[in-house]
*Asks:* 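For reference, the structure I am asking about is given below.
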Amino acid sequence: MLTSFRTRLLLLFIGLAGGVLVVTLIAVTVATQNQAEATVERELMVSERVLGELISIRGDQLLQAAQVLADDFGFREAVASGDQDTLISAMVNHGKRIGTQLMALYRPDGTELATTHKLPEVTSIADFRGIRRVDDELFQLVTVPVRAPDVIAYATLGFVVDDVLAQSLKQLTNADITFFNRESGRIFASSLPLIQQQALLNAAQQARVKNWLADESLAGHLSTFSDINLLVSTSRVEATQEYRALRTQYFGFGLATLLVALALAIATARQFNKPLMRLTAAAEALRQGDYDEPIELERSDEFGKLGETFNTMRGAIAEREQRIIYQLEHDILTGLPNRKSLHHYLNEQLKQQQSGYVVTLNILRFRELNDRLGQRFGDKILQLIAQRLKQEFAEDCFIARLAGDEFVVACTEKLHKDVLQRRLRAVVVEPWQVGETPYRLEFRAGLVRYPEQGEEVDTLLRRAQLAARLAQQSKQLMAAYQQGSDEDYMRRLQILQALPEAISGRKLELHYQPKLNCGTGQVLGVEALIRWHHPQLGVIRPDEFIPLAEQSGDILRVTRWVCETALDQQQYWLEQGRSLQVAVNLSAIDLQDEQLVDFIDKQLQQRQLPAANLTLEVTESAVMADLEQAQQRLAQLRELGVKIALDDYGTGYASLSQLKYLPVDELKLDQSFIRGLKEDRSDRIIVRSTLHLANQLQLTTVAEGVEELSAWRLLQEMGCDTLQGYYFSRPLAAGEFEQWLAEQAAIFSEQAQNGEQQHDKTTS
């Protein structure tokens, strides 16, 4: 029976089919086993690479948050001046906003200014970055220089690395992340279960981490940096599950093949060989990371299902990698490209010597909107803005979101500037529908042209932001970058940096402009006016540095210096036999200072000066900034005996009803009404009515800006009390004023008497 041809042929076919199947199954088993191991290893490597990218991106984001603190005018001024209260307040407030747990500030020479934790010893302050161990906790540190414009300090912010972060990283890397220290037996952050964490520590202290991974059916990479151990691990069972299912399918297929081999040996051998080879080749391509070519098996049998399984697995892995890449290059909230993508696009444009525009778009007072209506509302607004930008610019421009409420539109020169502005206006003009309520928002945009106005991406963005500030100042939608704006910006920084030293070093000066009795020409007093001449910056006008001092908080120190210097001069004049009224200007911020009243009282008592000889001048706008508080503070000052003058009257916002309740002794008519007094009938009517009003309210009146004798004569007729202006004298240094007082006072007194005599003759 066995010697018959049919039997031997059958046995031969069965043997051939069985042998081929066995060899193929062995080959597939070995290949899938190798592929499973390679997949586990590749997933670990991908996870490590993604972990590194995520930590780097997080570091960039944290660095941007730290840079906001370093760029803050008030903070840099606090650093430059060494003002600990302002410094600590700025660091604490900023730390609360961005969720930092560690804050430290060092001078460039390593001297500590302020810190919440004791930082480890390093050769350079700039080395405080990356993941470091501080006070038995793990932090991701970022360090930025504080420039004004030179480096005056380094600010280090630390963000704790804990289990919450480890869990977030696990969701993105698809691997467990564990930071620990083998010597101290401490786990700083981990996404592993608590039981596995303790077992890992025990194994690490016995140098048996590899054995522990094998016992737990885990695969992992252990690395060490500084004194921190990092373990990236994943489950072998989950990683190789698809390959085990694949081997099971192979073995099931082999058993079925052996059962039908007797009838279909030759046909089956031919049919099986081709798909098996393609499956083996596909497994090899998958092992090497090639996900592009699908397996095309137009079959409905097990091989077809196996091909579908391969294709499903290939697609899932490719989709996951694409998703990770997308998240690295796009803003998750709006779906727009992020800062990294914008940098790449603009760098390519500049490299190819292309020309075009970069426009930054910001929402005015977006932070207030967020605080008032909530984070969810703000997110919805940002998504709506992104949608409109896509509708208007997606076809021929690159749109990105940098951070917060800042969007960027980059267009080539093919799009004309007027068209760009028209499209931008179309984006912002319509109300924003959130739920059932429409909201109107204000926007400001800054435009810069490349490469003419910048050959680096950071330079273009900075200049576009400067242009947006110009648009905000001029209250228009968009402004183009103006050459020299950088110089103005740097000058403001230099002024802010130099002001504290000018105050402490007494490099400011006071000039005094005389105030004369309108009827007699007698000098009654002076107004103290601040002056500053810087050796490098030249003459710095008060209207240039006073607003900056108000922004930085230095205005309080400036006011105190002015008061002390003016009262010292008044005391000196009193000792010389000159009793002169001295007027000092206050700002709106001074009126908010709770210590102002005590300060003025103390300065007067120290010099034993009568309070009635000091006049404090406030503008209408300063009073209206907080009317209720201004009324209270001025009333307290008036109780000391100090006189209160309302400066620039007629140009601000105070109404007659408010004037009725303001505790003031004196009205100062703005010089804009006085200079045209002779020619302009309207000015004469306004001045006459204001003087009459002040007389009825029993207020003293002062006319500023008297530059002609005719204006003096008219003011005499109208009943003005006091005069001040360039006709009499410009503001003078103390010595010059004393000389002027000796030489000119008698002349003006004589002119006043002559004027009265002429007036009497005319009326008679």
Side-chain angles (χ1 to χ4, degrees), residues 49-71 98 126 129-130 140 142-145 147 157 172 321-363 382 385-386 389-390 393-415 420 424 444-469 478 480-481 485-486 489:
R49 185 170 70 252
V50 172
L51 174 62
E53 289 287 342
L54 291 173
I55 291 178
S56 175
I57 291 173
R58 186 171 183 262
D60 292 341
Q61 294 172 346
L62 301 180
L63 190 63
Q64 293 174 11
Q67 191 63 51
V68 172
L69 177 63
D71 289 342
I98 66 176
R129 62 188 66 201
Q140 185 171 2
V142 293
T143 297
V144 295
R147 303 178 184 273
L157 276 69
L172 295 172
E321 290 200 354
Q322 288 296 323
R323 186 168 63 251
I324 292 173
I325 293 173
Y326 180 86
Q327 291 175 349
L328 291 175
E329 297 179 349
H330 289 76
D331 173 56
I332 303 302
L333 177 64
T334 61
L336 294 177
N338 58 16
R339 180 183 291 270
K340 181 178 181 180
S341 298
L342 176 65
H343 272 253
H344 177 74
Y345 171 79
L346 290 177
N347 280 325
E348 286 297 320
Q349 290 289 101
L350 293 170
K351 186 184 298 183
Q352 297 173 10
Q353 299 182 344
Q354 297 292 321
S355 299
Y357 304 96
V358 175
V359 178
T360 60
L361 180 67
N362 301 89
I363 309 173
L382 294 175
I385 293 173
L389 287 173
K390 290 177 183 177
F393 295 102
E395 293 184 1
D396 47 10
C397 296
F398 187 90
I399 312 166
R401 179 192 176 200
L402 291 188
D405 65 323
E406 188 167 24
F407 295 84
V408 174
V409 178
C411 304
T412 63
E413 62 180 358
K414 295 179 181 178
L415 185 68
L420 188 152
L424 192 63
R444 295 294 180 261
L447 179 143
V448 63
R449 183 178 177 85
Y450 65 87
E452 290 89 340
Q453 295 177 332
E455 296 182 354
E456 294 182 356
V457 177
D458 290 338
T459 300
L460 290 171
L461 293 178
R462 175 168 55 83
R463 290 179 172 175
Q465 290 163 348
L466 286 174
R469 293 178 189 172
M478 186 174 74
Y481 170 75
S485 299
D486 286 7
Y489 175 74

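The first residue in the sequence is number 1, and the count goes up from there. Computation of the quantities below employed the complete heavy-atom set of this structure, encompassing side-chain atoms and omitting hydrogens, waters and symmetry-equivalent molecules.
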*Asks:* If we ignore hydrogens and angles and just use 3.5 Å, is the side chain of Asn338 paired with the main-chain N or O of Ser341 as donor and acceptor?
*Replies:*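 Yes, because the side chain of Asn338 sits within donor-acceptor range (under 3.5 Å) of the backbone of Ser341.
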*Asks:* What are the two closest non-hydrogen atoms of Phe407 and Ile385, and how far apart are they?
*Replies:*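 Closest approach of Phe407 to Ile385, heavy atoms only: CE1-CG2, 3.7 Å.
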*Asks:* State the OH-CG distance between Tyr481 and Leu466, to the nearest 0.5 angstrom.
*Replies:*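 Output value for this atom pair is 7.0 Å.
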*Asks:* If you look only at pairs with a residue in residues 346-356, which of them pass as a side chain to side chain donor-acceptor pair (under 3.5 Å), with sequence neighbours excluded?
*Replies:*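 For residues 346-356: Gln349-Tyr450.
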*Asks:* Look up atom CG in Leu420 and atom CZ in Phe393, then write down how far apart they are to the nearest 0.5 Å.
*Replies:*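 The CG atom of Leu420 sits 5.0 Å away from the CZ atom of Phe393.
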*Asks:* Glu406: what forms a side chain to side chain donor-acceptor pair (under 3.5 Å) with it, not counting sequence neighbours?
*Replies:*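 Gln465.
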*Asks:* Of all residues at least two apart in sequence or in a different chain, which pass the salt bridge (Lys or Arg N to Asp or Glu O under 4.0 Å) check with Arg449?
*Replies:*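 Testing Arg449 for salt bridge (Lys or Arg N to Asp or Glu O under 4.0 Å), a comparison that skips the adjacent residues, returns Glu413, Glu452.
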*Asks:* Can you name the residues that form a salt bridge (Lys or Arg N to Asp or Glu O under 4.0 Å) with Asp331, not counting sequence neighbours?
*Replies:*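 Result, salt bridge (Lys or Arg N to Asp or Glu O under 4.0 Å) vs Asp331: Arg401.
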*Asks:* To check you understand the geometry: which heavy-atom pair defines the closest contact between Ala386 and Leu336, and what is its length?
*Replies:*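 In this case the closest contact between Ala386 and Leu336 is CB-CD1, 3.7 Å.
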*Asks:* Residues two or more places apart in sequence or in another chain: which of them pass ring-ring contact (aromatic ring centres under 6.0 Å, His included) with Phe398?
*Replies:*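 Applying ring-ring contact (aromatic ring centres under 6.0 Å, His included) to Phe398 gives Tyr345.
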*Asks:* If every non-hydrogen atom of Ile399 is compared with every non-hydrogen atom of Ala394, which pair is closest and at what distance?
*Replies:*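 Closest heavy-atom pair between Ile399 and Ala394: CD1-N, 3.9 Å.
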*Asks:* Could you tell me whether the side chain of Asp396 reaches within less than 4.5 Å of the side chain of Thr412, counting heavy atoms only?
*Replies:*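 SC-SC contact between Thr412 and Asp396 ruled out.
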*Asks:* Once side chain to side chain contact (heavy atoms under 4.5 Å, CB included) is applied, do any residues pair with Asp405, and if so which ones, sequence neighbours excluded?
*Replies:*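 Checked Asp405 against side chain to side chain contact (heavy atoms under 4.5 Å, CB included); matches are Asn362, Ile363, Phe366, Leu382.
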*Asks:* With rounding to the nearest 0.5 Å, note down the distance linking NE2 in His343 to CG in Leu460.
*Replies:*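 The CG atom of Leu460 is 10.0 Å from NE2 of His343, to the nearest 0.5 Å.
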*Asks:* Test side chain to side chain contact (heavy atoms under 4.5 Å, CB included) on Leu461 and Leu342; report intermediate values, then the result.
*Replies:* CA-CA 10 Å; Leu461 293 178; Leu342 176 65; 4.0 Å; yes
*Asks:* Is there a side-chain contact between Met478 and Val359 in this structure, where contact means two heavy atoms from C-beta onward sitting under 4.5 Å apart?
*Replies:*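 Contact flag for Met478/Val359 side chains = yes.
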